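Below is one structure; the comments refer to it alone.
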Amino acid sequence: MLFPYQYVPHQMEKMQEFIDFIFFEVWCKAPKTEAFSLDLFDSKPELKEVIETFHYSDTKGADFFNGHIERIYNLFTKLTDDQIDQFKQWYRANNNIEKACANDPTIQIVRYVDIQPLYPELSNQLASFFKGLYSQNLLNLKALKEKIGDIKEHYNEFMTVNNKKICPFCGINRIFGKDHPRREAYDHYLPKGLYPFNSINFYNLVPACHHCNSSYKLSKDPLAKRRKIFYPYAAPSHKIEITINLSKPDVDALTDTDIQLIFGPSVISEELETWKDIYGIEKRYKEICCSNDAMDWLEQIRTLHDSGVKPEESLAMVRQQTEKYPFANSNFLKIAFLEGCQRIGMWT
């Protein structure tokens, strides 16, 4: 990830608040309480109001929400105290996105595939519920929307603060800003199809460009190889370094086999490897180096050279631009490519 997002608090966090209450105060206490009833929500009045409204509604989203809560409650009544404690640990771990990204050994994250052999029916119900929580059929229902707000409003506020308008996962593609009539999709960083409990946790929801989200990451599991991965809301700490080495000076006829990419610093090597793997970074960057974009970068240097500006002076200007606007016009790749051209002796 080339740069982190800044987390922006919003009213929609209340949805995760509701789910926390349902999990800890309703489901996890099911073995010690009476049969399911609306009284279980008395200590969370806003949520109870939603539940009551949904109870008398025949909309698809309302039936989905209330029906799953009751079915999962009944399955939790059969669990022992030790089993409940295990579910609590899993829930907390899967919602601690920062520690999960750091591959912190003090937490035990869980996937549906881990729960399925132990609790097949419960796993199926949890999967159906948490995958369906992030659904417009539910989130757009008036009774709920009045409590948690609108996801488009969240996006606009988010993009007001995170206003680079460039996808941080690739640095190549633009993403819609707050003034655009449409918005980018929120990627479930830990995929909602693989990991329970965090599908509406906004620390696990990050806007990404269409290509990063739908062409490369898809439902890949960033934690599959148990490597560290970039936490999308980390405090900035390390600037990614990119070196491009070329195997021949005939840049106009480059292929991807003629290009070597080196990423640093080494202190974040695990995060870099996962990032490159999940988002196809090397292939995408090499493709740009073989494209008309790179030829245009080179032609700019050549044109200035014909006008009496030495290539070293042109490179100094590009470095200055990159320092100020690293992601405008892919400057971070442009300078790495041109420096690679310089090292292979194109202007000597």
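All values derive from a computational prediction rather than experimental measurement. Note that these values count all heavy atoms, side chains included, but never hydrogens, waters or copies made by symmetry. Just so you know, residue 1 is the first one in the sequence shown, and it goes up from there.
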If you take the centroid of each ring, where Trp contributes its six-membered ring, are [Y] and [X] closer together than 6.0 Å?
X    : Y    : answer
Y203 : Y231 : no
F230 : F169 : no
W27  : F129 : yes
F202 : H154 : yes

Is there a continuous path of hydrophobic side-chain contacts, each under 4.5 Å between heavy atoms, that joins [X] to [Y]?
X    : Y    : result
Y216 : L190 : no
I175 : V161 : yes
L118 : I84  : yes
F18  : L38  : yes

With a sphere of 6.0 Å drawn around [atom1] of [X], does it hold more than 12 non-hydrogen atoms of other residues, nucleotides or ligands?
X    : atom1 : value
K88  : NZ    : yes
N292 : CG    : no
R182 : CZ    : no
K225 : NZ    : no

Query raised in the report: When Ile, Leu, Val, Met, Phe, Trp and Tyr are grouped by side-chain heavy atoms lying under 4.5 Å apart, directly or through other members, which residues fall in the same group as M317?
Result: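 Result for M317 is L304, V309.
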Query raised in the report: Apart from L218 itself, what residues make up its hydrophobic cluster, given side-chain heavy atom links below 4.5 Å?
Result: none
Let me confirm one number: the [atom1]-[atom2] distance from [X] to [Y], rounded to the nearest 0.5 Å.
X    : Y    : atom1 : atom2 : value
I259 : E287 : CD1   : CD    : 10.5 Å
L333 : I172 : CG    : CD1   : 6.5 Å
L139 : K145 : CG    : NZ    : 9.5 Å
R319 : I335 : CZ    : CD1   : 5.0 Å
I51  : E46  : CD1   : CD    : 13.0 Å
I72  : E121 : CD1   : CD    : 10.5 Å

Query - Contacts of P311 that satisfy side-chain contact (heavy atoms from CB on, under 4.5 Å) - sequence neighbours left out - result: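 Only I301, H305, W347 meet the side-chain contact (heavy atoms from CB on, under 4.5 Å) criterion with P311.
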Query raised in the report: Mind checking what makes side-chain contact (heavy atoms from CB on, under 4.5 Å) contact with E323, not counting sequence neighbours?
Result: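 Here the qualifying residues are K239.
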Short N-O contact, [X] and [Y], less than 4.0 angstrom:
X    : Y    : result
E282 : K276 : yes
E25  : K29  : yes
E49  : K147 : yes

Is a donor from one side chain sitting under 3.5 angstrom from an acceptor on the other, for [X] and [Y]?
X    : Y    : value
Y73  : T33  : yes
Y195 : D221 : yes
N103 : R227 : no
K334 : Q300 : yes
T80  : D82  : no
N95  : N201 : yes
D20  : Y91  : yes

Excluding sequence neighbours, so at least two apart, what forms side chain to side chain donor-acceptor pair (under 3.5 Å) with [X]?
X    : value
K44  : E17
H68  : R71, S128
N173 : none
E241 : none

Test item: [X] side-chain N/O and [Y] main-chain N/O as donor-acceptor pair under 3.5 Å:
X    : Y    : value
D258 : T255 : yes
N94  : P196 : yes
T274 : P222 : no
S291 : I288 : yes
D187 : V206 : no
N162 : F158 : yes
K217 : Y189 : yes
Y155 : F176 : yes
S269 : S266 : yes
E184 : C209 : no

Heavy-atom pair with the smallest gap, counting every atom of [X] and [Y]:
X    : Y    : value
R284 : C212 : NH1-SG, 3.4 Å
L141 : G61  : CD1-C, 3.7 Å
K248 : A253 : NZ-O, 3.3 Å
N66  : H55  : ND2-N, 3.3 Å
A143 : V50  : O-CG2, 3.7 Å
G171 : F332 : O-CE2, 3.4 Å

Query raised in the report: Side chains of V251 and M295: closer than 4.5 Å at any heavy-atom pair?
Result: yes
Requested in this report: Taking the side chain as every heavy atom from C-beta outward, state whether K286 and L261 have any atom pair closer than 4.5 Å.
Outcome: yes
Query raised in the report: ring-ring contact (aromatic ring centres under 6.0 Å, His included) with F263: which residues, sequence neighbours excluded?
Result: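 Partners of F263 under the ring-ring contact (aromatic ring centres under 6.0 Å, His included) test: W275.
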**Report entry** Contacts of Y119 that satisfy ring-ring contact (aromatic ring centres under 6.0 Å, His included) - sequence neighbours left out
**Finding:**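 Y119: ring-ring contact (aromatic ring centres under 6.0 Å, His included) contacts with F87.
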Query raised in the report: Taking L272 as the fixed residue, which of D277, I281, I240 is the one that meets the side chain to side chain contact (heavy atoms under 4.5 Å, CB included) rule?
Result: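 Looking at D277, I281, I240, the match for L272 under the side chain to side chain contact (heavy atoms under 4.5 Å, CB included) is I240.
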**Report entry** Lys NZ or Arg CZ of K131 over Y112 ring: under 6.0 Å, within 45°
**Finding:** yes
Requested in this report: Name the orientation class of the two ring planes belonging to F41 and F36 (parallel below 30°, tilted from 30 to 60°, perpendicular beyond 60°).
Outcome: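 The arrangement is perpendicular - the two ring planes meet at more than 60°.
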Query raised in the report: Who passes salt bridge (Lys or Arg N to Asp or Glu O under 4.0 Å) against D296, sequence neighbours left out?
Result: none
Report task. Please list all pairs passing the ring-ring contact (aromatic ring centres under 6.0 Å, His included) test where one or both residues lie in residues 234-254, with sequence neighbours left out. Result -> none
